[in-house]
Amino acid sequence: MVVAHGVGMQVGEDQLVTRCRAGDLDAFSQVYDRYERQVFRYAYHILGHRDDADDVKQETFVKAYQAIGSFRSESSLQTWLLKICGNLCRDKMKSWDRRKVTYDSTLRDDVLGSTNIDDGPQAIAERKEMTEIIFKALRGMPAAQREIIVLHEVEDLSYEEIAAVLGCSRTSIKLRLFRARRSLKERVASLMRSKD
Amino acid sequence: MFFSRDCRRTKVLLWDVAVGSAADSDKARAEAHLAHCEACRAELESYRNTAILIASYRQQPVPVSHLGWRDVERRVSADPTKSIGWARRPSSAVALQFGLGGGALAVTTLLVMLVMQANMNPSTAHSGSSAAESPGIAGVTHSDSGGLTGAETAGVNSMLSTSLVQIPKFPEGAAGTLRSARPQTGHSAVRLANLAPIVRSKPSTRPQSAGTDDELDGAGQRQALRPEYVLASASSGSEDDQNRRYVIDVVSPSSSSSTDASEESHPW
C-alpha cells in the first residue's frame, strides 16, 4: 500500500511538473499547497525568524516557478524545493552578516506556537524551557551543521534525500551528521549546565 | 583525552542507541563496551538528553506563515517577461545589446579620431580647404639616394590622394633640393593616416643633438616654424624602403617666414 501510494504520488508529481512547465499556474498552486508548509518550516528552523522564513518561502516558490523548466525530475520536487530554500537561507544569512543583523536567540512566546489547553502551567513552562535550550543550541551551531540536523532530525529526511538537498554523497552526509550531533550534544550539555 | 579503539567504534553508535534505532548487532556491541566504560556511558546519557529535546522541538508547532499563494501568484504574474525555465535566460538578448553597444562605441571612437585628424591638418586649420590656398611643395629629396624617382613621387602622390586628411600633393616628377631627411633605421613605416605636421611652437635656444640639417642653424638654434610632414615610405618593398623616411618640407607663400600666432597656437 505504501509503495502504491508512493508511485501514485510520483505520477501525480510528474504530471504536475509537466503542467507547470507549460505555464499552468493552477498546477503550480497545487505544488505550493503540497510543499509550502515544509519549505516554511525548514526556512524557519534554519533562520529562526518567522518574517525572514516567510520571505524565503515565497522567494523559493517564485524561483521554482521560473526555473521549473530546468527541473529534470532526477530528484523529487520536495528535495529540489528544499535545495532552493537552503540556498536562499544561506543568502539571507550572508546578508545578515553584511548588515550586521543579529537576532535574539531567546524564543518568543508568539513563535512558540499553540499549547495544549490540557497542559498545566508547569508542563507548559517545562516544554518552553526545553524548546528554548534546543533553539539556542541550534542558533549557536554553524549553519551547515544546523542544516543537516534540521533536515534529518526535524524534517525526518533520509540520507539519500539529504544528499540530494545538500548536493553531496551519502557517506559524507553520515559523517557530517555524526559531527553535527556531537556538536549539538555538547552545546545542549553546556546550556543545561548553565541552567542548573 | 585518550579514547581506545573500542571507544571510537562505540561513539559512532551512541546516537542510534540513544534513540533506539541501532541494529541489534550494533546495540549488543555498544552495550558490551558501555558495561565497562564510564566515559561512554556519560556520553550516551548526554545524547539521550539531546534526543529528548530534539523530539520535543520537533513536536513544537511552527508559527503560522503570513504570506500565501496569492502573493506568489501576484509576483509570478507581475513579470511576464520572465518565462519558465531556460527560455528566461537572457544570454542572446544581452549579447545583442553588448554587441550593439560595442559597435556604437567603435563608430564614435572612429568619428572622434577623424575629427581630431581633420583639426591637425594645417590646410584646414590655417587657410581653409581650398586648393588655391593650399601651400605648395618646395622640394623633396631623401637622404640615402639623393632624390625621389618618378615612381616614388607617383607613389607618394597616390598615398596622399587616398589620405583621409587633406594634404598638398607633390607635383608630378617633382625632384628638388634636399631640405631635410633622416634615415630612420628600425622605424616602422608610418601609416598615411598617421601623417601629421610637426610644428615647433617656439624657436628653441636649446641645442638639438639629433636635429636635421635645416632645423638647426649654426648656433644650434631652431630656425623656422614650418609645418613638416613626416612620411615613411609606405611601399611594401624592401626593408630599405620600409625604413626610409621622408621629411616633406611644405612651404606656402604665406608661411615661408611663418612665425605667426596661428601656428603657435597649434594644439601641439
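A, B, ... follow the sequence lines: proteins, then strands. Residue 1 opens every chain.
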- Item | Contacting moiety of K174(A), where chain B heavy atoms sit under 4.5 Å | neither
- Residues, nucleotides or ligands: over 12 heavy atoms within 6.0 Å of D26(A) CG: yes
- Quick one: does K185(A)'s side chain get under 4.5 Å of E43(B)'s, heavy atoms only? yes
- Enter the distance from H152(A):NE2 to I54(B):CD1 here, rounded to the nearest 0.5 Å. 11.5 Å
- Between L67(B), I52(B), T50(B), L53(B), which has the largest tally of heavy atom pairs under 4.5 Å with chain A? L67(B)
- Per-residue contact mode, R187(A) against chain B (heavy atom under 4.5 angstrom): neither
- Item | E59(A) versus chain B, the contacting section by heavy-atom distance below 4.5 Å | both
- Taking every heavy atom of R37(A) against every heavy atom of S65(B), the minimum-distance pair comes out as NH1-N, 4.0 Å
- Any side-chain heavy atom of S56(B) within less than 4.5 Å of one from T131(A)? yes
- How about R179(A): does its CZ atom have over 12 heavy atoms from other parts shown lying under 6.0 Å from it? no
- Query: When you measure from the side chain of R58(B) to the backbone N and O of E153(A), does any donor-acceptor pair fall under 3.5 Å?
  - Reply: yes
- Note on the structure: Cut-off 4.5 Å, heavy atoms of chain B, and the answer for F71(A) is neither
- Task: Could you look at V64(B) and say if it's the side chain, the backbone, both or neither that has a heavy atom under 4.5 Å from chain A?
- Result: backbone
- Message: Could you go through Q60(B) and R127(A), starting from their C-alpha distance and side-chain angles, then the distance that decides it, and tell me whether this counts as side-chain contact (heavy atoms from CB on, under 4.5 Å)?
- Response: CA-CA 9 Å; Q60(B) 196 68 40; R127(A) 190 191 299 161; 3.3 Å; yes
- Note on the structure: Given S29(A), A189(A), A53(A), the one with more heavy-atom pairs under 4.5 angstrom with chain B than any other is S29(A)
- Message: For a quick test of reading the model, state the closest non-hydrogen atom pair linking G68(B) to Y32(A) and the distance between them.
- Response: C-OH, 3.2 Å
- Between W69(B) and chain A, which part of the residue has a heavy atom less than 4.5 Å away: side chain, backbone, both or neither? both
- Answer key: most heavy-atom pairs under 4.5 Å with chain B among D33(A), V188(A), D51(A) is V188(A)
- Given the rule in the side-chain contact (heavy atoms from CB on, under 4.5 Å) test, do V72(B) and Y65(A) qualify, once you have shown the distances and angles that lead to the verdict? CA-CA 9 Å; V72(B) 173; Y65(A) 180 77; 5.9 Å; no
- Task: For the residue pair V76(B) and Q66(A), establish whether any side-chain heavy-atom pair is separated by less than 4.5 Å.
- Result: no
- Message: Just so I understand: if I count every heavy-atom pair under 4.5 Å between each of H45(A), K57(A), E186(A) and chain B, which residue has the most?
- Response: H45(A)
- Task: Answer yes or no: is there a donor N or O on one side and an acceptor on the other, between the side chain of D54(A) and the main chain of H66(B), under 3.5 Å?
- Result: yes
- Message: If I compare all heavy atoms of W15(B) with all of R181(A), which pair ends up nearest, and what's the gap?
- Response: CD1-CZ, 3.1 Å
- Message: To check you understand the geometry: which heavy-atom pair defines the closest contact between Y57(B) and V154(A), and what is its length?
- Response: CD2-CG2, 4.2 Å
- Message: So for L25(A), is it side chain, backbone, both, or neither that comes closer than 4.5 Å to the heavy atoms of chain B?
- Response: both
